[in-house]
Amino acid sequence: MWKDYSKSYIKNNRASSLSIMAAALVATMFLSLLCSIAYNFWIYEVEKIVLEEGDWQGRIVCNKADADILTMIDQFANVEKAVIEEGLSEQGQAVVDIYFHNARSIYRDMPLISEQLGLDETAIQYHSLLLSRYFIHDPEDDTPPLLLALYLSILLIVALSLVLVIRGSFELSMNARIHQFGIFSSIGATPKQVRNCLLQEAVALSIAPMALGSLFGIFISYGCIEAINIFASDVSKRHKAVFHYSPSILAFTILISFLTVLCSAWIPARRLSRMTPLEAIRNTGGFLLKKKKHSRILSALFGIKGELAGNALKAQKKYLMISTLSLLLSFLGFSIMLAYTTLADISTRYTYFERYQDAWDIMITLKNTQLSDFGLINKLQDISNIQDAALYQKAEAVTFLPEGSQSDELSSLGGLASVAGTKKADGQFQVSVPIVILDDTSFLNFCSQIGVPSSLDGAIVYNQIWDSKNSNFRYKKYVPFVKEDGQATILYKNDKRAEIPVLSYTQEVPVLREEYENYALVHFIPLTMWNKALAEVCEAGSDSYIRILSNAAVSLADLDSLEKEALQLVREYKTESENRIRERRSNDQLIFGLKAVLGSFCVLLAIIGIANVFSNSLGFIRQRRREFARYRSIGLTPREMREILCIEAFAIAGKPLLITLPLTVLFVQFAVTASYLEPMVFWNEAPILPVLIFAAAIVLFVALAYYIGGKRLLRCDLNEILRNDALV
């Protein structure tokens, strides 16, 4: 009987059934997308770690490297293989990488292996980062494993949110049948039979949508991975992501989707089955409007029709909660995301690309290379398309300044004593001295740039300090750091000292792509002077840098060719290179990709809200027939009833927009103030059009939902409904 009844109801109430199927489809698609994306991100993170650090799981450092060590390690049953790492092994010492069949016992097996080899636990190393990605953690580590807990928490939150979404669709369908089930209960149907009937209908309606939703989620996640690869194609040091999927992920997705749908249906089914037959029979399926509550805003704007629309919205408040929240979060997230990415783009452009666009075209980093190792600058200058090139290295030292050596401008601002973190001892201030070691040719060019007699027997001091009291980090003002009467600077490093003659003080810097410290006394020193006086005192950084500026405006192809030609000159060194135009395009693509990913998420949130609006507008048709029949009985025309539905649609779509706009403006105001940008700089590039298009799309689809629902509602014979209360 119940099976035939369920089939009959599903067949004769397609709108309600489609609402449930659509909710199940969207919910499963979201869960499938979330599981698939999380799985691919996990795979990508593991691949990245393996590429950068290797796939070893445990490592032992021993004093000798012979075959016996590997044999002894291989004797352990859980050891898959042991390999000597030649690149890390030194004379008289071996580094052995160990791989396990079951890595989960690594924290128990590694101490046993070291004990068998006669080593203590200090010889053991664990690939903790890689192991943590496989959710293997040191049992003695008090820090809890957060990655799995975070993923499960996100999955639980999403599942609970989707329960609320789908529950609304089930509840609408079930509420329309309270009167029917009351009659069934009065003739002997038990609560368990009623509940099982409703759950069987839910499962029957959801099986096909769950299968399709799982496939849609997989396809969307594949598209997301490919989109990320396209957007990040020019990002350096990034390996291409390859889409992965596993049958276990599919099984898990279907299981969690089934539980979500079942829970969504069980909540209203349980409530309905617990109603007494009398309560169910007396229920008319209409709204329970609360006469004491008035919709002041809608009443003031639209009169009695606004009051009726407001009362109807209050009756649907529980069912529209998900719609309101989803539309609010989607529009708020979309607006703030666009505002944030626009601010980030402006900031990066102002502080990096536009600031240094005339300083460099190609930057090459020579890894673990000292400037004195080779003479390269002349070869670079011989390349026809290079206007200028500089070779430099960086070092650090400190100096001590008497209080009287500060400039008058700095003293008037409070002096070094007012600078946070400045140390003072014996009446002198300790000041950081960043050292830029230029090749001799570039240093002599710098002397010509500032009008100083060419010499390689001293340093040029960048005599500026940031006036943080009268300017901000975005638009910095500077004052002289020291009085320009010093003939030499005494530099200290590691209890050693060296006295460096000062050729000149300047407020200019060489044409380099470098950001200098705000409260430091930067010294520019030629390579000859470094080798002569400072090489034994200070230790230079491990890397050297080549800055290349091309002849004129060039295209990406020109810079690619120039970069390739320059790299040929240093092919025997380990290098990293940057191309100004490619870096700019890469930055633009990353920002566009961020907008696309976050924007897609906002669109999906909006789809949830709009789907819920469609579900409500179509699912409430039967219940609202009696409501609109009463409106007809008191003299309202079809046009006036359509206006009531329009007011409802206006309120549903307008509420999230009206809440979001002031919040977005406040966020923009705060962000612009915090970043010290001129407000008009942002508003000239503000993403107003995309925000308006997104808002218009929300309004359009909500209006479409109410148009379809209203058209079906008003097509009914409302006069007949007041007289007819038969079973559907």
Just checking F473 against Y676, ring centres under 6.0 Å apart?
yes
Going through the distances and angles, do N445 and S448 end up as a side chain to side chain donor-acceptor pair (under 3.5 Å)?
CA-CA 5 Å; N445 291 337; S448 300; 5.4 Å; no
With a 4.5 Å cut-off on side-chain heavy atoms, are M529 and I500 touching?
yes
May I ask you to test the K564-D560 pair for a side-chain heavy-atom distance under 4.5 Å?
no
Assess, by modelled atom type and distance only, whether the side chains of T365 and D543 contain a donor and an acceptor separated by less than 3.5 Å.
no
Should we count CD of E572 as having more than 12 external heavy atoms under 6.0 Å?
yes
Show the numbers, then the answer: is there a side chain to side chain donor-acceptor pair (under 3.5 Å) between E563 and S577?
CA-CA 8 Å; E563 182 180 10; S577 65; 2.4 Å; yes
Any side chain to side chain donor-acceptor pair (under 3.5 Å) involving residues 394-403? Give me the pairs, sequence neighbours left out, ordered by first then second residue.
K394-E514, E403-K424
Would you find more than 12 non-hydrogen atoms of other residues, nucleotides or ligands less than 6.0 Å from F670 atom CZ?
no
Is it true that, when you exclude Q507 itself, more than 12 heavy atoms of the residues, nucleotides or ligands shown sit nearer than 6.0 Å to its CD?
yes
Does the ring of Y356 carry R513 above it, NZ/CZ under 6.0 angstrom from centre and within 45° of its axis?
no
Would you indicate whether the side-chain heavy atoms of I364 and L567 approach each other to under 4.5 Å?
yes
Sequence neighbours left out, what pairs pass side chain to side chain donor-acceptor pair (under 3.5 Å) with at least one residue falling in residues 488-503?
T489-H523
Are side-chain heavy atoms of N518 and S468 found at a separation under 4.5 Å?
no
So with a 6.0 Å cut-off around NZ of K477, is the heavy-atom count from everything else above 12?
no
Within 45° cone and under 6.0 Å: R547 NZ/CZ vs W360 ring
no
Is F667 atom CZ crowded by more than 12 heavy atoms from other residues, nucleotides or ligands, each under 6.0 Å away?
yes
Under 3.5 Å side-chain donor-acceptor pair for S442 and D439:
yes
Sequence neighbours left out, what passes side chain to side chain donor-acceptor pair (under 3.5 Å) with S454? Give chain and number order.
none
Examine F400 together with F429 and report whether their ring centres are nearer than 6.0 Å.
no
Is there a side chain to side chain donor-acceptor pair (under 3.5 Å) between R474 and Y350? Walk through the geometry before answering.
CA-CA 9 Å; R474 181 74 61 190; Y350 275 36; over 6 Å; no
Taking side chain as C-beta onward, heavy atoms only, is Q464 less than 4.5 Å from F481?
no
Salt bridge check: are K240 and E47 linked by an N-O gap of less than 4.0 Å?
no
